[in-house]
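Both backbone and side-chain heavy atoms feed into the values below; hydrogens, waters and symmetry mates do not.
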Protein chains: 2
Amino acid sequence: MKGPVPCHLELGSSSFKFQQTQVANSSSSARSVVLTEPQKHPEELEFQFEDYMDTKAKIVNQALDDSVPLRHPLKIHEAMRYSLLAGGKRVRPILSIASCELVGGDEELVLPIACAVEMIHTMSLIHDDLPCMDNDDLRRGKPTNHKVFGEDTAVLAGDALLSLAFEHVATRSIQVVSSDRVVRAIAELGAAVGSEGLVAGQIVDIESEGRELNLSELEYIHLHKTAKLLEASVVCGVIMGGGNEMEVERLRRYARCVGLLFQVIDDILDVTKSSEELGKTAGKDLKSDKATYPKLMGLEKAKEFADALVVKAKEELSYFNGTKAAPLYHLANYIAYRQN
Amino acid sequence: MKGPVPCHLELGSSSFKFQQTQVANSSSSARSVVLTEPQKHPEELEFQFEDYMDTKAKIVNQALDDSVPLRHPLKIHEAMRYSLLAGGKRVRPILSIASCELVGGDEELVLPIACAVEMIHTMSLIHDDLPCMDNDDLRRGKPTNHKVFGEDTAVLAGDALLSLAFEHVATRSIQVVSSDRVVRAIAELGAAVGSEGLVAGQIVDIESEGRELNLSELEYIHLHKTAKLLEASVVCGVIMGGGNEMEVERLRRYARCVGLLFQVIDDILDVTKSSEELGKTAGKDLKSDKATYPKLMGLEKAKEFADALVVKAKEELSYFNGTKAAPLYHLANYIAYRQN
């Protein structure tokens, strides 16, 4: 399929739509099971992405550890720490840090926000895993929060993490940036979580169980459940770093593409990889007859959609200095070309 | 019992203690079943407390109604509105408004905060009622949120209300007060909800089930489960109104006394009133062998403690102009001398 890329990303509005019909320069038969990483630019070769991720994750982990000391009442702090410090790649906090640094801000300006987005993400996982929600016993190979601490404590640990996220920004960020920036970031975070953010995605997901979804409904769920918090992570990073409006909007669009990309790739991996390769049960979506991009678009179209999202995300970065944009560039690649 | 009032209210610290031994000028035999309202000062007679409460509650209800419009996704907004607009006296929002006005601020400066404290209170009720928590089917005579919308939606409605509380302040208060005040208020609200606030009280309450509590543990629970949010309601009102540090601290102490008073009176009513008089099942605490002030102190001492708390709360108000302080003065009376 050759030709222009007629994908209309209505970015900057809540009705983000991707009407993908065809993608340029994609010879799907020549590609690997998921997406094939294109040849590297010399600039990319010089950037040690894995080292970058490791270094930043360590800094984030230390800050998270410090943000919830083990104090009275012990049980709630143990429950909060259990899930908050359970590992993970720390993609959201690193997106915040990389975005802040991209617009010229120091890492210390953004660390409280980096912690806050991970607290919110952790809250959503704890509440999502509850028996009345997804009823999951395991999360990253460990028993879920309610399995260890009980359902009542798990509900409260989520509540405490959500409120701490806002409190943390209000008490810590204020020490390093202006109150105007703090208020703006809190408004972004609130919108990302609430009934038109993460919660909106979850409720539509719950309501759609047992019925056929169309592509626009599927996208609504992912843009809200996943992309909103990635978007807030990036945008809050830009705000903390003192980015201008154009930088905010470009990186907001970058984050939406990356957020949606994350889900499309997740769906593709589920049908193309074995359980061994994924480190979790493969084919789950297919078995549960869940709406996915490959199911609604077909596998090849889903891959083309993913390709287009990577291209679009990187386009937004082209405005910035290449060396400075390397972390976000590689984060998009990392999400697109991961094999599990 | 005559003599000085050796009650040590370590106010302004989280270890608020009341070591009550005896209360001056209280002839307990002469008092009614709960507390007898003392003769009114001429100033009090002029203040139409019921009109004041009605007027303010209407304003708050309208603002709450506006704060959660019924939009897509409908179900989550219906669930949020169901509990948020279910009535109630709106004590917390009115405390915010009265405190703001006491220090010279206009009502419009504090309305977003007034809504936020009610959103937080509503979230705590929805999550408290869940089957994994108190498992209550009824709240104010209506089926609880999860009974109407399902447990999953109830968890999410609570999450959305909690995050909306912060977002609402960050997007609305910022239109009427400085960002410094907004950030300070958000820090207060966060501390009131989190693992050293409301959630701390709930977790200690849960953990104490089935074992004997001492007075200090009981007070910890009530100071956190109930008083912390009342304190934040008042303090945020003072901050919005531009009160000085001394005003913040005096009214913080006032709010703690009133918050604790609320629980002591609740406990007393449970053992002294009939179900008909209360409009809910009386003697519940006694039946469930729950720790209460009458149980731990004896009924008369509990009444004396309540008396001392009213006196202390009003003492904090004596610094202010009597006419301006009338609403908070009457709110303390209202809580102390209610009969159900």
Side-chain angles (χ1 to χ4, degrees), chain A residues 68 71-73 75-77 79-80 120 123-124 127 130-133 146 150-171 173-174 178-200 202-204 206-207, chain B residues 68 71-73 75-77 79-80 120 123-124 127 130-133 146 150-171 173-174 178-200 202-204 206-207:
Chain A
V68 188
R71 61 202 152 178
H72 181 73
K75 193 179 179 186
I76 191 70
H77 294 105
M80 291 163 78
I120 291 171
M123 171 284 292
S124 78
H127 283 186
L130 286 170
C132 67
M133 306 277 278
H146 66 270
E151 277 180 63
D152 45 8
T153 302
V155 171
L156 292 172
D159 294 347
L161 282 168
L162 180 53
S163 109
L164 179 60
F166 295 102
E167 185 191 351
H168 196 69
V169 174
T171 56
S173 296
I174 196 67
S178 72
S179 51
D180 286 347
R181 290 189 196 172
V182 173
V183 172
R184 207 173 150 199
I186 288 171
E188 276 287 333
L189 290 178
V193 188
S195 61
E196 295 187 284
L198 214 151
V199 166
Q202 284 174 304
I203 201 92
V204 174
I206 289 169
E207 283 190 300
Chain B
V68 188
R71 61 201 152 179
H72 181 72
K75 192 179 180 186
I76 191 71
H77 294 106
M80 291 163 78
I120 291 171
M123 171 284 293
S124 78
H127 283 186
L130 286 170
C132 68
M133 306 278 277
H146 65 271
E151 278 180 63
D152 45 8
T153 301
V155 170
L156 292 172
D159 294 348
L161 282 169
L162 179 52
S163 111
L164 180 60
F166 294 103
E167 185 190 352
H168 197 69
V169 174
T171 56
S173 296
I174 197 67
S178 72
S179 51
D180 286 348
R181 289 188 196 172
V182 174
V183 173
R184 210 174 147 198
I186 288 171
E188 276 288 334
L189 289 178
V193 189
S195 62
E196 295 185 284
L198 213 151
V199 166
Q202 284 175 303
I203 200 94
V204 173
I206 289 169
E207 283 190 299

Point to revise | I186(B) portion near chain A, given a 4.5 angstrom heavy-atom threshold | key: both
Exercise for review: Starting at CD of Q202(A), measure out to OG1 of T153(B) and round the result to the nearest 0.5 Å.
Suggested key: 10.5 Å
**Study point:** Between M133(B), H168(B), R71(B), the one whose heavy-atom pairs under 4.5 Å with chain A are most numerous
**Key:** R71(B)
Practice item. Report the option among D180(A), L164(A), L198(A) that has the most heavy-atom pairs separated by less than 4.5 Å from atoms of chain B. Key: D180(A)
Exercise for review: Please state whether the side chain, the backbone, both or neither of L130(B) comes within less than 4.5 Å of a heavy atom of chain A.
Suggested key: side chain
Review point. Angle class for the F166(B)/F166(A) ring planes (parallel below 30°, perpendicular above 60°, tilted otherwise)?
Key: parallel
Practice item. Against chain A, label R184(B) side chain, backbone, both or neither, depending on which of its atoms sit under 4.5 Å from a heavy atom there. Key: neither
Practice item. Just jot down the side-chain contact (heavy atoms from CB on, under 4.5 Å) partners of A160(B), sequence neighbours excluded, or say none. Key: S195(A), V199(A), M80(B)
Exercise for review: With sequence neighbours excluded, tell me which residues meet salt bridge (Lys or Arg N to Asp or Glu O under 4.0 Å) with E167(A).
Suggested key: none
Practice item. Pick one of side chain, backbone, both or neither for I203(B), based on which atoms fall under 4.5 Å of a heavy atom in chain A. Key: both
**Study point:** Approximate separation, where rounding is to 0.5 Å, of S179(B) OG and I174(A) CD1
**Key:** 7.0 Å
Point to revise | Nearest-0.5 Å distance, OG of residue S163(B) to CD1 of residue I120(A) | key: 7.5 Å
**Study point:** Heavy-atom proximity to chain A below 4.5 Å, by part of E188(B)
**Key:** neither
Study note, to complete from the structure: Given K75(B), E151(B), E196(B), E207(B), the one with more heavy-atom pairs under 4.5 angstrom with chain A than any other is E196(B)
Review point. Taking A192(B), G197(B), A191(B), S124(B) one by one, which has the highest count of heavy-atom pairs under 4.5 Å against chain A?
Key: A191(B)
Point to revise | chain B interface, residue from V182(A), V169(A), I206(A), V204(A) that has the most non-hydrogen pairs under 4.5 Å | key: I206(A)
Study note, to complete from the structure: Comparing D159(A), T171(A), V155(A) against chain B, the one with the most heavy-atom pairs below 4.5 Å turns out to be D159(A)
Point to revise | Which atoms of V193(B) approach chain A - backbone, side chain, both or neither, heavy atom under 4.5 Å | key: both
